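First comes the structure, then the notes that go with it.
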Amino acid sequence: MAQVQNEQQKMAVVPTTGVRLVSGALAGCFADLLTFPLDMAKVRLQIQGESAKAAKSSFSFAKARAQKENFRYKGVFGTISTIVKEEGPRGLYRGLNPGMQRQLCFCGVRIGLYDNIKEAYTELLGTDGVNIYARIAAGITSGGLAVVIAQPTDVVKVRLQAQGMNKESGTQYRGAYHAYKTSLKKKDSRKDCGKVTGNLSPVVRPRHVHFLIFLMWGSLPNITRNAVVTASELVSYDMLKEYILKNKILPDEFPCHIVSAFGAGFITTCVASPVDVVKTRFMNSPAGQYAGALNCAAKMFREGGPLAFYKGFLPNFMRLSAWSVVMFVSFEQLKRVMMDYKTRDTN
């Protein structure tokens with residue numbers, strides 16, 4: 001009886017913002033480490049088939065089928081197998097360093113601040129209890145804020161993951177630091193800087209604008225994608241978990257977290273796949289290939305039709321569902337361990 005009361009008291013303790021920030025960051029890194037090969041497969045499948053000719057040609061299903069037959073990567077495990085054969089096992093972990101850096105910033109902020117922002121929106125809306133609108137608004141806000149902070153790491157991660165597709169063209173990065181450094185010196189981006197600095201004060205140097213362009217490259221589709229992902233993922237997990245606990249289907253333990261996280265992963269994949277594909281294409285592109293995110297989406301449609309926006313759906317679902325399960329289960333356990341340690345230290 002005493003043990004049951006003890007467990008209830010632990011669950012009743014509300015984690016602090018600091019605990020949520022640290023737990024979210026560590027859980028995100030752990031989940032990314034375990035699911036990175038699936039993320040690599042997703043990126044390669046999303047990018048393949050990209051061509052400059054797509055801008056001038058219209059879409060037809062016959063062309064799409066013919067193009068698909070020539071694809072190097074076919075299916076999740078086929079893609080992983082091809083990468084291992086051509087680049088070795090280490091090829092599956094290209095971009096892992098910026099991936100970890102991204103999760104420390106991104107996951108910590110979006111998960112750590114979600115509850116605080118949700119409470120703020122609930123007070124602002126003046127509703128009795130938390131409703132779905134406050135949850136969605138909190139997800140969009142925390143996701144958008146997190147991606148602005150983590151944007152440079154995401155650009156480098158995608159470029160490192162994509163570079164093994166064609167070793168004869170494009171810049172070859174030796175690692176994360178070299179990718180950051182080289183991206184800031186790229187000639188194609190310097191041309192854009194000249195255009196941008198034309199109407200600016202002489203105080204604003206081209207190198208300053210160049211740095212800002214690198215920081216914000218692909219930011220619109222990335223912010224859109226991650227706002228959608230965070231809203232759908234956190235809101236669906238939040239509501240599924242609340243429904244399960246409210247109806248006493250499962251206790252607040254591993255099974256409940258796993259079921260809620262898996263459901264959240266499926267919902268998120270369905271909702272976010274189109275913006276995810278556009279974001280990946282745009283961030284991997286050199287300056288000038290696309291006029292913007294909408295232009296990228298239009299060219300993708302001409303290239304592959306509606307199905308182009310769901311390229312890599314299976315690896316994306318496998319990765320997101322696995323990532324969600326590992327991340328949310330780790331997050332819940334880390335929260336409990338940290339609050340338990342904090343409570344014992346206080347006593």
Side-chain angles (χ1 to χ4, degrees), residues 35-84 86-87 91-92 94-95 99 154-155 157-166 169-170 218 220-226 228-229 232-233 265-286 289-290 292-324:
T35 62
F36 207 79
L38 291 173
D39 187 57
M40 173 64 80
K42 178 207 77 169
V43 169
R44 293 289 178 90
L45 284 167
Q46 287 177 343
I47 291 172
Q48 77 171 347
E50 187 176 21
S51 67
K53 293 179 181 178
K56 299 177 182 178
S57 61
S58 58
F59 167 75
S60 74
F61 283 103
K63 287 180 184 178
R65 280 193 295 272
Q67 186 186 39
K68 192 174 180 180
E69 288 177 4
N70 298 321
F71 282 167
R72 186 197 312 179
Y73 304 116
K74 296 179 181 179
V76 188
F77 300 109
T79 302
I80 291 173
S81 176
T82 302
I83 292 170
V84 172
E86 295 180 354
E87 304 167 44
L92 294 173
R94 284 181 186 270
D154 216 359
V155 174
K157 170 182 166 286
V158 169
R159 288 183 176 182
L160 282 170
Q161 287 180 308
Q163 75 170 359
M165 293 183 73
N166 188 356
S169 65
L220 179 60
N222 203 20
I223 289 171
T224 305
R225 182 258 181 193
N226 284 294
V228 171
V229 165
S232 54
E233 186 178 41
F266 177 73
I267 293 168
T268 304
T269 309
C270 293
V271 173
S273 273
V275 287
D276 186 42
V277 177
V278 173
K279 165 248 177 186
T280 302
R281 282 285 185 93
F282 191 76
M283 290 181 78
N284 183 58
S285 65
Q289 182 169 346
Y290 301 116
L294 292 177
N295 178 248
C296 177
K299 287 183 178 181
M300 280 178 58
F301 184 80
R302 284 195 287 270
E303 174 190 310
L307 295 179
F309 296 96
Y310 284 90
K311 276 190 173 183
F313 180 85
L314 184 57
N316 200 14
F317 166 63
M318 290 175 68
R319 187 253 174 190
L320 260 179
S321 57
W323 192 92
S324 295

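This is a predicted model, so every value here is computed, not measured.
- The nearest pair of heavy atoms linking Asn295 to Tyr290 is OD1-CA, 3.4 Å.
- Ala41 and Thr79 make their closest contact through CA-CG2, 3.8 Å (heavy atoms, listed as atom of the first residue, atom of the second, distance).
- Val278 and Cys296 get closest at one heavy-atom pair: O-SG, 4.0 Å.
- Judged by distance alone, the side chain of Ser232 and the main-chain N or O of Val228 form a donor-acceptor pair under 3.5 Å.
- Look at Glu87 and Arg44 and you find a salt bridge, because one of the NZ, NE, NH1 or NH2 atoms lies within 4.0 Å of a carboxylate O, short of that distance.
- Of the inter-residue distances, the one linking Leu307 atom CG with Phe301 atom CZ reads 10.0 Å to the nearest 0.5 angstrom.
- We find the CG-CE distance between Leu45 and Met40 to be 11.5 Å, quoted to the nearest 0.5 Å.
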Given Asp276 and Val229, is the side chain to side chain contact (heavy atoms under 4.5 Å, CB included) satisfied, shown in steps? CA-CA 9 Å; Asp276 186 42; Val229 165; 6.0 Å; no
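- In this structure, Arg94 and Phe36 have side chains that are not in contact, with every pair of non-hydrogen atoms separated by 4.5 Å or more.
- Applying the ring pair (Phe, Tyr, Trp, His ring centres under 6.0 Å) criterion to Phe266, with sequence neighbours excluded, gives Phe317.
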Chi angles and distances behind the side chain to side chain contact (heavy atoms under 4.5 Å, CB included) call for Asn316, Ser273: CA-CA 8 Å; Asn316 200 14; Ser273 273; 3.5 Å; yes
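- Lys42 places none of its side-chain heavy atoms less than 4.5 Å from the side chain of Phe313.
- Closest heavy-atom contact between Gly265 and Ser324: CA-OG, 3.8 Å.
- In this structure, the side chains of Arg319 and Val76 stay at 4.5 Å or more apart for every pair of heavy atoms.
- Contact check for Met318 versus Trp323: no side-chain heavy atoms found under the 4.5 Å cut-off.
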Side chain to side chain contact (heavy atoms under 4.5 Å, CB included) between Ile80 and Leu38, intermediate numbers included: CA-CA 8 Å; Ile80 291 173; Leu38 291 173; 4.3 Å; yes
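- If you take OG1 on Thr269 and CG on Leu314, they are separated by 10.0 Å, rounding to the nearest 0.5 Å.
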